[in-house]
Peer 1: 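After the structure tokens below, expect a handful of questions from me.
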Amino acid sequence: MPRLSEYLLPTEKQPPADAEALSHKLMVRAGLIRQLGAGMWTWLPAGWRVHQRVVAIIREEMDAIGAQEMLMPVLQPAEPWRKTGRIDIEELFKLNDRKGSELVLAMTHEEAVTTHVAQIVRSYRDLPLILYHFQVKERDEPRPRAGVLRTREFVMKDAYSFDRDPAAMEQSYELHVGAYDRMMARTGLRFYRVQGDVGMMGGVGAHEYMAPCAAGEDQIVLGAGYAANAEVALDDPQVEHVNGEYARGGERLSVEPAIEIANIFKLGTRYSDALGARFLDDAGAEQPVWMACYGIGPARIVAAAVEQFADEHGISWPRALAPFAVHLVALGKPGTPERDAADALYATLGEGGVEVLYDDRDLGPGEKFADAELLGCPLRLTVGRRSLESGEIEVQLRRGRVQAPGLPLAGEPEQLLAAVDELWQSLP
RNA sequence: CGGGGAGUGGCGCAGUCUGGUAGCGCACCCGGCUGGGGGCCGGGCGGUCGCAGGUUCAAAUCCUGUCUCCCCGACCA
């Protein structure tokens, strides 16, 4: 586990001059991300840890419903995109290689996965099938914005289900609704699952997962037992819409801005028809494969978490996403007894499997505390001269900046680790 | 694509109107002090002022072109 004196965490006192969105400002200030160009972002080590936390949650829930992870290329031949008609989408990056062959940079992977399934799947015995990968998506966005919220390149987990008929597709879809509900809950975010637009994917039904926050680009309409994308609510005959106000069955609905963090679609046979994905059913008749697709953007989940839980001092991660569980602050110069005590605690935590970031830099307490609160790890432990006097490690809970009872400095490692774990389990 | 704004050291800015050879805060390096909320003193390093061309004795500053970035809108799996 890293020592801050050796770790690349470039924190800034001031946000970038051109940043507007809270998550944009804080993620740059906290040293999580850096910009390379419009809509092009680098994840620095601490930021990437958060990103990979989200990835791990998604992977576990996908694997739990029997989905199989794989990897498909971003650089693709144009031909399948011509067959599905998506070659004309303006957001699609198109290029030629040195021989003049037409290529695209994939914005999603329906064309690729369906091409493979068309070749591989021959029989109803090969179905159902759920395939997924985490892969970069490329989109020539007209206007990238708000840091990592809307970029031209981003990692998406996209999954595709392949079934023998509409009823089986519905089953796969429901399986994903369950998995998505669970992964969203595990991130610790506030979220809603709403009826979605079908959009450029084409298809027969969709849901979106929306995380309410100020920087959101979408509007969601909410009431008791009702949640919908504002665009969809307009088409709902049960919803009245007057002067920007929404009502349903006499109940006034609230409207909140939100980020779309995931998106699932019933595709039907649109792609399998275009790319020839067919199989023989148990009666020997040729049938099209029924498809659905399931996308989720880890970067947006990270940004949404920043937006939802930040305060005036910085980020406050839900524990499921925090880059480190513990931010250990050592006060006092190297060679002092208090520093020795901090070093010992760092070793104990590390050996106990606690994910700890150790601030061993030669800086004043103010800067260390400020950086810790900016980065937002759920637990901050401080060891300084006072700890030696009181015999206690100082504990601050990042959420709410609450001072918790101190932990014994000289106790048995097992007891200390158990106490830290108990604290950890109690956090949001 | 329409509208608005901005490019000056790693970050945030002043200087541009009125041309005279680049400055401030932070950060960074060296030395010292300090050591529980971004502390202090002293000494330093670092910038072809986005790029190209033009005007001029002289251009960060004026002119022309161009690139890039941000915000609002349109768009958005």
Side-chain angles (χ1 to χ4, degrees), chain A residues 8 10-21 24-25 28-29 31 34-41 84 86 89-92 106-111 135 137-147 149-152 154 156-160 196-203 206-209 215-218 229 231 259-265 267 270-271 292-297 300 313-314 329-339 342 359 361-374 380-390 393-394 396 401 403:
Chain A
L8 185 68
T11 56
E12 298 285 348
K13 284 185 191 173
Q14 287 162 311
D18 49 26
E20 206 67 27
H24 181 185
K25 292 179 183 172
V28 172
R29 284 192 57 212
R34 282 280 164 126
Q35 184 171 24
L36 198 58
M40 297 179 278
W41 288 84
T84 61
R86 295 210 300 173
I89 292 175
E90 287 194 357
E91 283 75 25
L92 183 66
M107 52 196 303
T108 61
H109 282 74
E110 280 78 8
E111 280 76 4
Q135 177 61 291
K137 303 292 175 264
E138 306 286 345
R139 295 183 187 181
D140 193 357
E141 288 287 347
R143 188 157 92 83
R145 62 175 291 272
L149 230 39
R150 181 160 218 88
T151 55
R152 294 196 287 180
F154 59 98
M156 175 191 264
K157 188 285 300 176
D158 41 324
Y160 305 90
D197 248 349
V198 178
M200 74 157 126
M201 303 303 298
H207 285 92
E208 294 168 351
Y209 286 79
E217 299 183 294
D218 294 280
N229 189 311
E231 294 161 24
I259 301 175
E260 180 188 325
I261 48 181
N263 205 318
I264 60 181
F265 294 90
L267 295 171
R270 178 185 160 182
Y271 291 91
C293 69
Y294 315 90
I296 183 167
R300 284 191 172 180
H313 300 277
V329 175
L331 302 179
K333 276 191 282 216
T336 59
E338 57 267 31
R339 178 59 71 97
D359 193 348
R361 296 173 300 175
D362 187 18
L363 292 179
E367 290 165 280
K368 293 190 174 190
F369 292 145
D371 274 351
E373 285 167 4
L374 181 57
R380 188 184 80 196
L381 303 183
T382 304
V383 174
R385 202 174 277 168
R386 280 187 204 165
S387 316
L388 298 180
E389 289 163 7
S390 66
I393 302 157
E394 182 180 306
Q396 190 213 50
R401 297 171 79 227
Q403 195 79 16

Peer 1: In the structure I gave you, are the side-chain heavy atoms of A/Glu110 and A/Thr84 within less than 4.5 Å of one another anywhere?
Peer 2: no

Peer 1: What is the distance, rounded to the nearest whole Å, between atom CZ of A/Arg361 and atom C1' of B/rG35?
Peer 2: 15 Å

Peer 1: Looking for any heavy atom pair under 4.0 Å, which part of the strands does A/Gly384 touch: base, sugar-phosphate only, or nothing?
Peer 2: base

Peer 1: Using the P atom in both, what is the distance from B/rA22 to B/rG46, to the nearest Å?
Peer 2: 14 Å

Peer 1: Between B/rC75, B/rG37, B/rA27, which one does the side chain of A/Glu91 approach most closely?
Peer 2: B/rC75

Peer 1: Could you please name the option among B/rC76, B/rC71, B/rG12 that lies closest to any side-chain atom of A/Ala17?
Peer 2: B/rG12

Peer 1: Would you classify A/Asp362 as touching base, sugar-phosphate or nothing, given that sugar-phosphate means primed atoms plus P, OP1 and OP2, and contacts are heavy atoms under 4.0 Å?
Peer 2: base

Peer 1: In terms of side-chain geometry, is the basic nitrogen of A/Arg34 or A/Glu12 positioned less than 4.0 Å from the acidic oxygen of its partner?
Peer 2: yes

Peer 1: Select base, sugar-phosphate, or nothing to describe what A/Gln35 touches, counting heavy atoms under 4.0 Å on all strands.
Peer 2: sugar-phosphate

Peer 1: With heavy atoms under 4.0 Å as the rule, sort A/Pro16 into base, sugar-phosphate or nothing.
Peer 2: sugar-phosphate

Peer 1: Considering all heavy atoms of both residues, which atom of A/Leu331 and which atom of A/Glu338 are nearest to each other, and what is their separation?
Peer 2: O-CG, 3.3 Å

Peer 1: A/Lys368 has an atom NZ; how far is it from atom C1' of B/rG39, in whole Å?
Peer 2: 14 Å

Peer 1: Go ahead and name the base partner of B/rC33; Watson-Crick or wobble counts if both distances stay under 3.5 Å, otherwise write none.
Peer 2: B/rG39

Peer 1: Specify the separation, in whole Å, of atom CZ of A/Arg385 and atom C1' of B/rU34.
Peer 2: 10 Å

Peer 1: Remember a base hit wins even if backbone is also touched, and classify A/Ala370 as base, sugar-phosphate or nothing at under 4.0 Å, heavy atoms.
Peer 2: base

Peer 1: Ignoring the backbone of A/Pro365, work out which of B/rG37, B/rA74, B/rC76 is nearest its side chain.
Peer 2: B/rG37

Peer 1: Hey, is A/Arg145 close enough to A/Glu217 for a salt bridge, meaning N to O under 4.0 Å?
Peer 2: yes

Peer 1: B/rG15 and B/rC33: how far apart are their C1' atoms, nearest whole angstrom?
Peer 2: 36 Å

Peer 1: Do you know which of A/Lys368, A/Gln396, A/Arg401 makes side chain to side chain contact (heavy atoms under 4.5 Å, CB included) with A/Arg380?
Peer 2: A/Gln396

Peer 1: Confirm from the modelled atom types if A/Glu338 and B/rG35 form a donor-acceptor pair under 3.5 Å, side chain to base only.
Peer 2: no

Peer 1: Rounding to the closest angstrom, what is the interatomic distance between B/rC51 and B/rG42 at atom P?
Peer 2: 35 Å

Peer 1: Any donor-acceptor pair under 3.5 Å linking the side chain of A/Arg139 with the backbone of A/Met107?
Peer 2: yes

Peer 1: Using a 4.0 Å heavy-atom cut-off, does A/Ala372 contact any base of the nucleic acid, only the sugar-phosphate backbone, or nothing at all?
Peer 2: nothing

Peer 1: Tell me which nucleotide, if any, is Watson-Crick or G-U wobble paired with B/rA6 when both distances must be under 3.5 Å.
Peer 2: B/rU68

Peer 1: Please report, rounded to the nearest Å, how far the C1' atom of B/rC76 is from the CZ atom of A/Arg145.
Peer 2: 11 Å

Peer 1: Provide the Watson-Crick or G-U wobble partner of B/rC62, both distances under 3.5 Å; none if there is no partner.
Peer 2: B/rG54

Peer 1: Using whole Å, report how far CD of A/Glu12 lies from C1' of B/rC11.
Peer 2: 5 Å

Peer 1: Provide the Watson-Crick or G-U wobble partner of B/rG25, both distances under 3.5 Å; none if there is no partner.
Peer 2: B/rC11

Peer 1: Report which part of the nucleic acid A/Phe154 touches: base, sugar-phosphate, or nothing (heavy-atom distance under 4.0 Å, all strands).
Peer 2: base

Peer 1: Let's see if you can work this out: which of B/rC69, B/rC26, B/rG37 has an atom nearest to the side-chain heavy atoms of A/Ala38?
Peer 2: B/rC69

Peer 1: When all nucleic acid strands are considered with a 4.0 Å heavy-atom cut-off, which category describes A/Arg34: base, sugar-phosphate, or nothing?
Peer 2: nothing

Peer 1: Does anything in residues 329-336 of chain A reach RNA chain B, meaning a heavy atom under 4.0 Å, and if so which residues?
Peer 2: A/Leu331, A/Lys333

Peer 1: Quick one: A/Arg300 CZ to B/rC76 P, roughly how many Å, whole number?
Peer 2: 13 Å

Peer 1: Please report the closest heavy-atom contact between A/Gly147 and A/Trp41, naming both atoms and the distance.
Peer 2: O-NE1, 3.1 Å

Peer 1: Between A/Arg152 and A/Asp140, is any pair of side-chain heavy atoms under 4.5 Å apart?
Peer 2: yes

Peer 1: Look at all strands and tell whether A/Ser387 reaches a base, only sugar-phosphate, or nothing, counting heavy atoms closer than 4.0 Å.
Peer 2: base

Peer 1: Are side-chain heavy atoms of A/Tyr209 and A/Arg300 found at a separation under 4.5 Å?
Peer 2: no

Peer 1: Between A/Gln14 and B/rC13, does any side-chain N or O lie under 4.0 Å from OP1 or OP2?
Peer 2: no

Peer 1: If we take the P atom in both B/rA14 and B/rC24, what is their distance in whole Å?
Peer 2: 16 Å

Peer 1: Side chain of A/Arg143, base of B/rG3: donor and acceptor closer than 3.5 Å?
Peer 2: no

Peer 1: If you measure from the P atom in B/rG20 to the same atom in B/rC63, how many Å do you get, rounded?
Peer 2: 15 Å

Peer 1: Please state the C1' separation for the pair B/rG9 and B/rG19 - nearest whole angstrom.
Peer 2: 24 Å

Peer 1: Which nucleotide in the set B/rC69, B/rG37, B/rA74 lies at the smallest distance from any side-chain heavy atom of A/Arg152?
Peer 2: B/rC69

Peer 1: Classify A/Glu373 by what it touches in the nucleic acid, base, sugar-phosphate, or nothing, heavy-atom distance under 4.0 Å.
Peer 2: base

Peer 1: Taking the same atom, C1', in B/rC13 and in B/rG54, what whole-Å distance lies between them?
Peer 2: 30 Å

Peer 1: In whole angstrom, give me the gap between the P atoms of B/rG12 and B/rA27.
Peer 2: 15 Å

Peer 1: Taking CD from A/Glu367 and P from B/rG38, how many angstroms apart are they, rounded to a whole number?
Peer 2: 9 Å

Peer 1: Which one, B/rC76, B/rC75, B/rC71, comes nearest to the side chain of A/Pro142?
Peer 2: B/rC75

Peer 1: Using a heavy-atom cut-off of under 4.0 Å over every strand shown, decide if A/Asp371 touches base, sugar-phosphate, or nothing.
Peer 2: base

Peer 1: If you pin A/Phe369 and A/Gly37 to their nearest nucleotides in RNA chain B, which one's is more 5'?
Peer 2: A/Phe369

Peer 1: Hey, does the side chain of A/Asp158 reach the backbone of A/Tyr160 with a donor-acceptor pair shorter than 3.5 angstrom?
Peer 2: no

Peer 1: Given atom CZ of A/Phe265 and atom C1' of B/rC76, what is their separation to the nearest angstrom?
Peer 2: 11 Å

Peer 1: Do A/Asp218 and A/Glu208 have side chains that get closer than 4.5 Å, going by heavy atoms?
Peer 2: no

Peer 1: Specify the residue among A/Val383 and A/Glu260 whose closest nucleotide of RNA chain B lies further upstream toward the 5′ end.
Peer 2: A/Val383

